[in-house]
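When reading the values below, keep in mind they use all heavy atoms of this one structure, side chains included, and skip hydrogens, waters and symmetry mates. In what follows, chains carry the letters A, B, and so on, assigned in the order in which the sequence lines appear, proteins first and then strands, with residues in each chain numbered from 1.
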Amino acid sequence: MRSFSTLSRRSPITNPFKHPPAQHLLDEMPHRDAHAPRLNALLSAHVRNNHPTSALLLFLHMHRHNIPLDGFTFNPVLSACPTLPAAGFRLGYQLHSLMFKRGCLSEPIPATSLLNMYSKCGFFDDAVNVFDEMPERDVVSWNALLSCYIHHGHSQLTINAFFSMVQTGIEFTGFTLSTVLTACSSSRSLVQGLQLHALAFIFGYHNSLVIATSLIDLYSSCGMITQAMQVFTGLNSPKDTAMRNALITGLVQSQKYDDAFALFAQTTPNAVAFTSVLTACSDLLNLEHGKQIHCTALRRDFTSDTILCNVLVRIYAKCGDIHSAHSTFVMIDNKDVISWTSIIDAYGSQGCGLEALNLFKEMESEGSVLPNAVTFISVLSACGHSGLIDEGIKYFNVMKNKYGIDPEAEHYACLIDMLGKGGRIEEAWEVYGGVVKEGKLSSGVCVAMLNGCKVCMDLRRGEIVAKHMMELGDEDKAGVYVLLSNFYAGIGRWKGAEEVRKVMEDRGLRKEVGSSVIAICW
DNA sequence: TTAGGGTTAG
């Protein structure tokens, strides 16, 4: 492990005290040991004013000069850690080690700061270990644990931990309720969400803007937009931006687009509101409306917002304007994995597989963003659309071996689809067999394999796949029968196709009628 | 001095 002195020497940080008043204060301090509280206050000021590097260097200076370090010293430095990309995980571990030596871990406040640092830096297990080893926990420690769970996508753990917290006898706060409501919303846990709504009412938190916003999000996520609107209208106090945005998003999710646009028009929208209504344009494939909002976003100077631009890339791509999608993508200053995935998918779905692969290579060489499982679905799908089978197999292996991503059903479906469509039925069947063995079979995998069997006129295998599809118990039973019927028809087994249709009719199954949307602009 | 709500990709 590197020492602090080594860290400071090698660090790319070159200007330790770029804020003259801070340096001046330090220079003017003749007896620094006696002034540790003032230095701690200075540390906090650096963090509050968004100068984490200065905070770290002041901390290193204090450590080097044997100035007493306590909870008040560690808290601001720990909160600065997640914003210090150059520091890396070693800094967090070194701080943890120092806190242990100074006996700070027995106090709930610095221990909670440590938990939070690990959580925000992506070290879930370390964060939970800190909580487990805390000799004393207050309500904020519990709230930090709940936030850690939700931050790492463990909604059910959040809900369970809340009930453990209550059983322990800790009195929850509004912070607790809003965090657990977010977990209920993410996991669509309506029953527990309703219980929390009742608790919020009993304990008088229902008029809190934050709680009401969480409730709007909960009801919207559970498809109960009327209840979400009731929470919104039922609040007596003035609504804030986040709350209005929560309802705009809920209305978009519920496909109440006109209501969403109307509420948007009544507000002074920020980038989040713009993103929500752009999502509506994307759903509606309404390019003209999307362009108008893009222009307004430009005038309001919101186009440095990565999330907003990601939606714009999607709209242009979905509406077939690949050039605008690309020019929007190029203008994104801080491209994230969704920006890259969206533009790869844009080219791939237009049949421009080579361009999609070139973008993937560019993403790799640029190096600031790592591809994830979704990126590889876009890459594999791009290969499939363009018949780049060997490239597809290569990237399937790159995903596993280079990036350590375990293939999910969707990846297998892409692989089987491209092999089947390309007439490589034996290889597709081998992959399919592996998926069955692993217990990862999904309707998507079956559909891909069935289509491959259709292309290769392979009745025997097709019927095995059809049996698997039935056993999966897919909710869209009618869809399964239609696919099976089409399979028989596709290989010229008209009698089989007819029999399947007859079974459908006897069982009263009807395939939901497809629909299309067009936007008419006056 | 520690903790909470609204936005994007398959």
Side-chain angles (χ1 to χ4, degrees), chain A residues 37 40-41 43-44 47-48 70-79 104 107-117 119 137-148 150-151 172-183 185 205 208-218 220 239-250 252-253 269-279 282 302 305-315 317-318 336-346 348-349 372-381 408-411 413-414 444:
Chain A
N40 289 338
L43 267 177
S44 295
V47 176
R48 259 198 319 275
D70 61 12
F72 288 88
T73 322
F74 286 110
N75 292 332
V77 182
L78 288 165
S79 70
C104 295
E107 301 166 41
I109 294 178
T112 302
S113 290
L114 183 66
L115 185 168
N116 202 34
M117 181 278 294
S119 173
R137 299 163 185 142
D138 62 11
V139 65
V140 184
S141 317
W142 277 95
N143 290 347
L145 177 74
L146 300 179
S147 297
C148 170
I150 193 87
H151 182 69
F172 61 80
T173 64
F175 276 82
T176 322
L177 287 182
S178 60
T179 309
V180 191
L181 278 168
T182 303
S185 180
Y205 288 116
S208 141
L209 277 176
V210 177
I211 302 286
T213 306
S214 300
L215 285 167
I216 290 170
D217 189 41
L218 169 79
S220 301
K239 281 87 177 165
D240 69 0
T241 311
M243 194 177 180
R244 273 189 294 270
N245 289 347
L247 188 60
I248 292 172
T249 303
V252 173
Q253 283 169 351
N270 64 1
V272 175
F274 269 92
T275 306
S276 287
V277 290
L278 281 169
T279 304
S282 174
F302 285 146
D305 188 286
T306 301
I307 299 177
L308 189 150
C309 290
N310 289 346
V311 183
L312 283 169
V313 171
R314 297 293 304 170
I315 294 174
K318 279 171 76 176
D336 64 10
V337 66
I338 298 180
S339 317
W340 284 100
T341 303
S342 299
I343 196 68
I344 290 167
D345 195 61
S349 54
N372 63 18
V374 185
T375 315
F376 278 101
I377 290 172
S378 295
V379 169
L380 296 173
S381 158
E408 295 162 16
E410 289 92 336
H411 300 106
C414 288

Using a heavy-atom cut-off of 4.0 Å across all strands, would you classify A:Asn40 as base, sugar-phosphate, or nothing? nothing

Nearest-angstrom distance from the residue atom CG of A:Asp138 to P of B:dG4: 14 Å

Of the listed nucleotides B:dG5, B:dA9, B:dG6, the one nearest the side chain of A:Asn270: B:dG6

Give the rounded distance in Å between these two atoms: CG of A:Leu78 and C1' of B:dA3. 14 Å

Sugar-phosphate only, base, or nothing, as touched by A:Thr179 at under 4.0 Å among non-hydrogen atoms: sugar-phosphate

Over how many whole Å does the gap from A:Asn245 atom CG to B:dG6 atom C1' extend? 5 Å

Length of the CZ-P vector between A:Phe274 and B:dT7, whole Å: 17 Å

Reckon A:Asn116 has a side-chain N or O less than 4.0 Å from the OP1 or OP2 of B:dT2? no

d(NZ, A:Lys318; C1', B:dA9) in whole Å: 11 Å

Sugar-phosphate only, base, or nothing, as touched by A:Leu145 at under 4.0 Å among non-hydrogen atoms: nothing

Quick one: label A:Thr279 by what it contacts on the DNA or RNA (base, sugar-phosphate, nothing), any heavy atom closer than 4.0 Å. sugar-phosphate

What do the steps show when you test A:Ser276 against A:Thr249 for side chain to side chain donor-acceptor pair (under 3.5 Å), and what is the final call? CA-CA 6 Å; A:Ser276 287; A:Thr249 303; 2.8 Å; yes

Looking at B:dT7, B:dA3, B:dA9, which one has an atom nearest to any side-chain atom of A:Asn143? B:dA3

Nearest to the A:Thr182 side chain among B:dG5, B:dT7, B:dG4, which nucleotide is it? B:dG5

Report yes if some heavy atom in the side chain of A:Glu107 is under 4.5 Å from a heavy atom in the side chain of A:Asp70; otherwise report no. no

Counting only side-chain heavy atoms from C-beta out, which of B:dG6, B:dA9, B:dT2 sits nearest to A:Thr112? B:dT2

Give one of base, sugar-phosphate or nothing for A:Ser147, where a contact means two heavy atoms less than 4.0 Å apart. sugar-phosphate

Kindly point out which of B:dT7, B:dG5, B:dT2 is positioned nearest to the side chain of A:Val272? B:dT7

Nearest-neighbour nucleotide for the A:Val210 side chain, B:dG4, B:dG10, B:dA3 considered: B:dG4

Do A:Ser342 and A:Asp345 get their side chains close enough for a donor-acceptor pair, meaning under 3.5 Å? no

Taking only N and O in the side chain of A:Arg314, is any of them less than 4.0 Å away from OP1 or OP2 of B:dG10? yes

Mind checking if A:Val311 touches a base, just sugar-phosphate, or nothing, with heavy atoms under 4.0 Å? sugar-phosphate

What's the closest nucleotide to the A:Asp336 side chain, out of B:dA9, B:dG5, B:dT8? B:dT8

Residue set satisfying side chain to side chain contact (heavy atoms under 4.5 Å, CB included) with A:Asn116, at least two apart, ordered chain then number -> A:Lys120

For A:Thr73, which contact category applies under a 4.0 Å heavy-atom criterion: base, sugar-phosphate, or nothing? nothing

Can you name the nearest heavy-atom pair linking A:Glu408 to A:Ala373, along with the distance? OE2-CB, 3.8 Å

Checking all strands, does A:Gly174 fall into the base, sugar-phosphate, or nothing category for heavy-atom contacts under 4.0 angstrom? base

Measure CG/A:Leu215 against P/B:dG4 and give the value in whole Å, please. 18 Å

Has the side chain of A:Ser113 got a donor or acceptor that lies under 3.5 Å from a partner of the other kind on the base of B:dT2? no

The side chain to side chain contact (heavy atoms under 4.5 Å, CB included) partner of A:Phe274 among A:Ile307, A:Leu308, A:Asp305 is A:Leu308

Got a donor-acceptor pair under 3.5 Å from the side chain of A:Ser178 to the base of B:dG5? no

Could you state the atom-to-atom distance from CG of A:Leu43 to P of B:dT2 in whole Å? 13 Å

Going by the rule side chain to side chain contact (heavy atoms under 4.5 Å, CB included), which residues pair with A:Ala409 if we only count those two or more places apart in sequence or in a different chain? A:Ser442, A:Val445

What nucleotide, of B:dG10, B:dG6, B:dA3, holds the atom closest to the side chain of A:Ala144? B:dA3

Whole angstroms only, please: what is the CG-P distance between A:Leu181 and B:dA3? 20 Å

